[in-house]
Amino acid sequence: MKKIYHLATCSTCIRIIKEINPSEGVVLQDIKTEKITEAQIDEMAKMAGSYEALFSRRAMKYKSMGLKDKNLSEQDYRQLILDEYTFLKRPVIIAGDKIFVGNAKKEVEAAKEVF
């Protein structure tokens, strides 16, 4: 299975999806209009190694909610991502048993190789 969790209004996600050029069988899930389920976030965390690896500290709400001053647990990261889609580091690309999280050049290049 190949799936890309993204934000349709995010110019970086749009650029990366164009670069990857996914085939017709790839599922694109806009996380704003189709919320991430508990099963999906649990699967992503299992593949990525932790919920923290999926968490974006760049989200505007990270600072506005005062989260940078808190010591967050794995359960906190999980719940924050489920409650607020902007906390998911985007895009999350799943190809079989591989996961690529975020927009770092290294991640995008590795994802392009499996597509």
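A quick note: this is a predicted structure, and the numbers were derived from the prediction, not measured. The basis for the numbers below is simple: all heavy atoms, side chains too, and nothing from hydrogens, waters or symmetry mates.
Partners of E38 under the salt bridge (charged side-chain N to carboxylate O under 4.0 Å, His left out) rule, at least two apart in sequence or in another chain, are R78. In this structure Y85 satisfies the ring-ring contact (aromatic ring centres under 6.0 Å, His included) test with no other residue, sequence neighbours excluded. Checked against side-chain contact (heavy atoms from CB on, under 4.5 Å), K63 has the following partners two or more places apart in sequence or in another chain: K68. Residues satisfying the side-chain contact (heavy atoms from CB on, under 4.5 Å) test with Q40, not counting sequence neighbours, are K3, Y5, Q29, I36, T37, M44. Residues passing the side-chain contact (heavy atoms from CB on, under 4.5 Å) test with D30 are H6, L7, A8, K32, T33, sequence neighbours excluded. Partners of E74 according to the salt bridge (charged side-chain N to carboxylate O under 4.0 Å, His left out) rule, which considers only residues two or more places apart in sequence or in another chain, do not exist here. Listed by chain and number, the residues in a salt bridge (charged side-chain N to carboxylate O under 4.0 Å, His left out) with E43 amount to none (sequence neighbours excluded). Every residue meeting the side-chain contact (heavy atoms from CB on, under 4.5 Å) condition with T12, not counting sequence neighbours, appears here in chain and number order: C10, R15, I16, N103.
For residues 48-83, the set of pairs meeting the ring pair (Phe, Tyr, Trp, His ring centres under 6.0 Å) definition, not counting sequence neighbours, comprises F55-Y62, F55-Y77, F55-F87. Residue pairs meeting the ring pair (Phe, Tyr, Trp, His ring centres under 6.0 Å) criterion with at least one member in residues 7-36: none, sequence neighbours excluded. Residue pairs meeting the salt bridge (Lys or Arg N to Asp or Glu O under 4.0 Å) criterion with at least one partner in residues 94-110, sequence neighbours excluded, are E109-K112. Applying the ring pair (Phe, Tyr, Trp, His ring centres under 6.0 Å) test to every pair with at least one member in residues 12-47, sequence neighbours left out, gives no pairs at all.
Enclosure of atom CE in M60 is not indicated, since only 12 or fewer non-hydrogen atoms of other residues, nucleotides or ligands lie within 6.0 angstrom.
There is a path of hydrophobic side-chain contacts, each under 4.5 Å, that joins L54 to L72. No chain of hydrophobic side-chain contacts below 4.5 Å, direct or via other Ile, Leu, Val, Met, Phe, Trp or Tyr residues, connects L28 to V92. Note on I31: it does not cluster hydrophobically with I14, by side-chain heavy-atom contacts below 4.5 Å among ILVMFWY residues. Hydrophobic clustering places M47 together with L82 (ILVMFWY residues linked when any side-chain heavy atoms are closer than 4.5 Å, directly or through intermediates). No continuous path of hydrophobic side-chain contacts links L88 to I4 [ILVMFWY only; heavy atoms under 4.5 Å].
Two residues are said to be in side-chain contact when any heavy atoms from C-beta on lie closer than 4.5 Å; M1 and V27 fail this criterion. You'll find the side chain of L80 reaches within 4.5 Å of the side chain of L67, heavy atoms only. Within the 4.5 Å cutoff, the side chain of P22 has heavy atoms near those of the I17 side chain.
Between the NZ atom in K61 and the OG atom in S56 there is a gap of 13.0 Å [rounded to 0.5 Å].
Using a cutoff of 4.0 Å between basic side-chain nitrogens and carboxylate oxygens, E52 and R57 are scored as salt-bridged.
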- Query: Taking it one step at a time, do V114 and F100 satisfy side chain to side chain contact (heavy atoms under 4.5 Å, CB included)?
  - Reply: CA-CA 10 Å; V114 298; F100 308 95; 3.7 Å; yes
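Using modelled atom types, no side-chain atom of D42 and backbone atom of A39 make a donor-acceptor pair closer than 3.5 Å.
For the pair V101 and A48, the tightest heavy-atom approach, listed with the atom from each and the gap, is CG2-CB, 4.5 Å. A pairwise comparison of heavy atoms in A111 and I93 identifies CB-CD1, 3.9 Å as the closest pair.
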